[in-house]
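Accompanying notes for the structure given below.
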Protein chains: 2
Amino acid sequence: MPSDPTTTSYAVLGLLRLRPWTTYELAKQVRRSLNWFWPRAERKLYDEPKRLVADGLATAEEGFTGKRRRTTYAITDGGRAALARWLDEPPAARSHESEGMVKVFFADAGDLDQLRTTLGRLEAEAAERLAALAELAAEAEGPFPERRHLGALCLRLQHDQERAVLDWTRWARTQVDTWRSTTDPGRWDTRAVLATMTEEPR
Amino acid sequence: MPSDPTTTSYAVLGLLRLRPWTTYELAKQVRRSLNWFWPRAERKLYDEPKRLVADGLATAEEGFTGKRRRTTYAITDGGRAALARWLDEPPAARSHESEGMVKVFFADAGDLDQLRTTLGRLEAEAAERLAALAELAAEAEGPFPERRHLGALCLRLQHDQERAVLDWTRWARTQVDTWRSTTDPGRWDTRAVLATMTEEPR
DNA sequence: GGTCGCATACTGCCTTGTGCAGTATCTCTG
DNA sequence: CAGAGATACTGCACAAGGCAGTATGCGACC
């Protein structure tokens, strides 16, 4: 017997609820939307629907494009029910991974130029992502116009977070430029920066 | 021959550069600091130093507390060099995981109450994390006062992102409260929300 | 008509990482 | 002197990532 469905199972199930998909289409759709807050390798998205079928949450239909085999997956009533139940459960804690921040944190193992380069790369990344989000927001017609309001809600958060990162990279750059070295911030007022985080509204 | 060190390897190496640690101490230190932008299970942190030793980047010293075995790891010169070289490499892309956002995105599989509950949980989580960050910022003396400026830089970003999430949860709540159902936003102006993301400074 | 490049549609395999259970010993407190 | 919590790990099963490899379909261009 298969173990409990994972969040990734439910994410795929959520898409299957909208319409049937082949795994290839599923993978592309995930890259457009879910990838922002639930990134999963394409490889994984080819395995996941099989598990859903094994659990009775989806069905698989074999088809052909000429000689090429093609599996289309669709949600079942049991899948729809499981999805609705899952919405009630408390979500797992958020998690952020940023190798760039690890490099900033350990910047004192290198020099100021290395730190500036890392900050520049983080800035470029944030700018690119913000541009990609703006493009998504500008699209007049997405594939599911009846779900546009939910997309807008999610896009808004993604955008605000990306904006925060971009603004930070620029601020960090100006701050670091006043340092004497990665180990000596000179007259930089560390305490003042920290204080802004303690004297804030909740 | 072991494969290339991972980001996690370098993260542990970065801490070993500061002083020698036992894995237990290492795990606790990671939870305090790195966990915010490079979260790794405690289990992994027990394996990682062994690989560093195998690669010649660290050394292990067996010790005893009474009868209890205890391994203390320390960085080598090769480790210090590898760490400095690693700082030059472009960092991997950031990645954010939020099961809560997946639930918001697929909220149309459930009702408004479920969506409101999920938003409430996301808000509580963000508030807790923000409070934890404020506490870290308020600490007069951390274990490495000479690295306080780097900690402040990282803390600032973490704080700004958390703030963005908290503000969003509250905004989202007010918006959702005007909806008729999860599938019908009523007079809510989806287009206006999306427009704010396209008409912005870069 | 042919072939080149890109899209479609997967599978295998190895490594990384998570979560949980289990096994000790040490130290402090009442 | 018992019990609770901290210290210090290991084993195992499963989730997930990354890369290479194997096809076929289809449209563009010569």
Side-chain angles (χ1 to χ4, degrees), chain A residues 1-13 20-32 34-35 37-55 60-73 92-99 102, chain B residues 1-13 20-32 34-35 37-55 60-73 92-99 102:
Chain A
M1 187 179 298
S3 48
D4 280 349
T6 63
T7 302
T8 305
S9 315
Y10 289 111
V12 170
L13 203 53
W21 311 77
T22 67
T23 18
Y24 184 82
E25 293 170 320
L26 216 40
K28 273 206 307 186
Q29 187 58 23
V30 165
R31 193 146 24 138
R32 262 181 59 89
L34 280 169
N35 223 30
F37 40 85
W38 198 258
R40 282 302 174 264
E42 201 171 305
R43 184 65 185 82
K44 193 73 191 124
L45 302 175
Y46 275 93
D47 287 340
E48 208 52 50
K50 294 181 185 172
R51 179 221 278 254
L52 294 176
V53 171
D55 287 354
E61 199 197 342
E62 293 273 293
F64 284 90
T65 311
K67 286 184 184 178
R68 196 171 55 198
R69 187 166 52 89
R70 200 166 58 113
T71 316
T72 307
Y73 294 92
R94 274 181 298 122
S95 113
H96 296 202
E97 277 186 16
S98 173
E99 192 186 17
V102 181
Chain B
M1 189 177 296
S3 49
D4 279 350
T6 63
T7 302
T8 304
S9 314
Y10 289 111
V12 169
L13 202 53
W21 311 76
T22 67
T23 17
Y24 185 82
E25 293 169 320
L26 217 40
K28 273 207 307 187
Q29 187 57 26
V30 165
R31 194 150 19 141
R32 263 180 58 89
L34 279 170
N35 224 30
F37 39 84
W38 199 256
R40 282 302 173 266
E42 202 172 304
R43 182 65 186 81
K44 194 76 188 108
L45 302 174
Y46 275 94
D47 287 339
E48 207 53 51
K50 293 181 185 172
R51 178 221 278 253
L52 294 177
V53 172
D55 286 353
E61 200 196 343
E62 292 273 294
F64 283 91
T65 311
K67 286 184 184 179
R68 194 172 55 198
R69 187 165 53 89
R70 201 169 55 116
T71 316
T72 307
Y73 294 92
R94 273 182 296 123
S95 112
H96 297 202
E97 276 186 18
S98 173
E99 193 186 17
V102 181

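Chain letters run A, B, ... following the sequence lines, proteins first and then strands; every chain starts at 1. Just so it is clear, the model here is predicted, and its values are computed rather than measured.
Distances were taken from every side-chain heavy atom of A/Tyr46 (C-beta onward) to each of D/dA8, D/dA16, C/dT11; the shortest belongs to C/dT11. Here the side chain of B/Tyr24 is nearest to one of D/dA8, C/dC10, C/dT16, namely D/dA8. Candidate nucleotides D/dA16, C/dG17, D/dT24 were compared by shortest atom distance to the side chain of A/Glu48, and D/dA16 ranks first. When the nucleotides C/dT8, C/dT25, C/dC20 are ranked by their closest atom to the side chain of B/Arg43, C/dC20 comes out on top.
We find that CG of A/Leu45 is positioned 13 Å from P of C/dC10, with the value rounded to whole Å. Atom CD in A/Glu42 sits roughly 10 Å away from atom C1' in C/dC10 (whole-Å rounding). Rounded to whole angstrom, the span from the CZ atom of B/Phe64 across to the P atom of D/dA8 amounts to 13 Å. Following rounding to the nearest Å, B/Arg70 (CZ) and C/dT27 (P) show an atom-to-atom distance of 10 Å. Between A/Tyr73 atom OH and C/dA9 atom P there is a gap of 12 Å when expressed in whole angstrom units. In this structure, B/Asn35 atom CG and C/dG17 atom C1' are separated by 14 Å, rounded to whole Å. Spacing between atom CZ of A/Arg51 and atom P of C/dT11 amounts to 16 Å, rounded to whole angstrom units. Between the P atom of C/dT27 and the NZ atom of B/Lys67 lies a distance of 13 Å, rounded to the nearest Å.
The nearest heavy atom of DNA chain D to A/Thr65 and to A/Trp38 marks one nucleotide each, and the one closer to the 5' end goes with A/Trp38.
One finds a side-chain N or O of A/Thr22 lying less than 4.0 angstrom from the OP1 or OP2 phosphate oxygen of C/dA9. Proximity of B/Arg69 to the phosphate of D/dT7: no side-chain N or O atom is located under 4.0 Å from OP1 or OP2. Regarding contacts with the backbone of D/dG18, every side-chain N or O of A/Lys44 stays at 4.0 angstrom or more from both OP1 and OP2. For D/dC9, one of the phosphate oxygens OP1 or OP2 lies less than 4.0 angstrom from a side-chain nitrogen or oxygen of B/Thr71.
Remark: side-chain polar atoms of B/Glu61 are not paired, donor with acceptor, to backbone N or O of B/Thr72 under 3.5 angstrom. Not one N or O on the side chain of A/Glu62 forms a donor-acceptor pair closer than 3.5 Å with the backbone of A/Thr71. Side chain of A/Glu25 to backbone of A/Thr22: a donor-acceptor contact under 3.5 angstrom is found.
Taking the charged nitrogens against the carboxylate oxygens, A/Asp47 and A/Arg51 have no contact shorter than 4.0 Å, which rules out a salt bridge.
If you run side-chain hydrogen bond (donor to acceptor under 3.5 Å, both in side chains) between A/Arg40 and each of A/Asn35, A/Thr7, A/Thr6, A/Thr8, only A/Thr8 comes through.
At a threshold of 4.0 angstrom between heavy atoms, the contacts of A/Pro39 are confined to the sugar-phosphate backbone, with no base atom among them.
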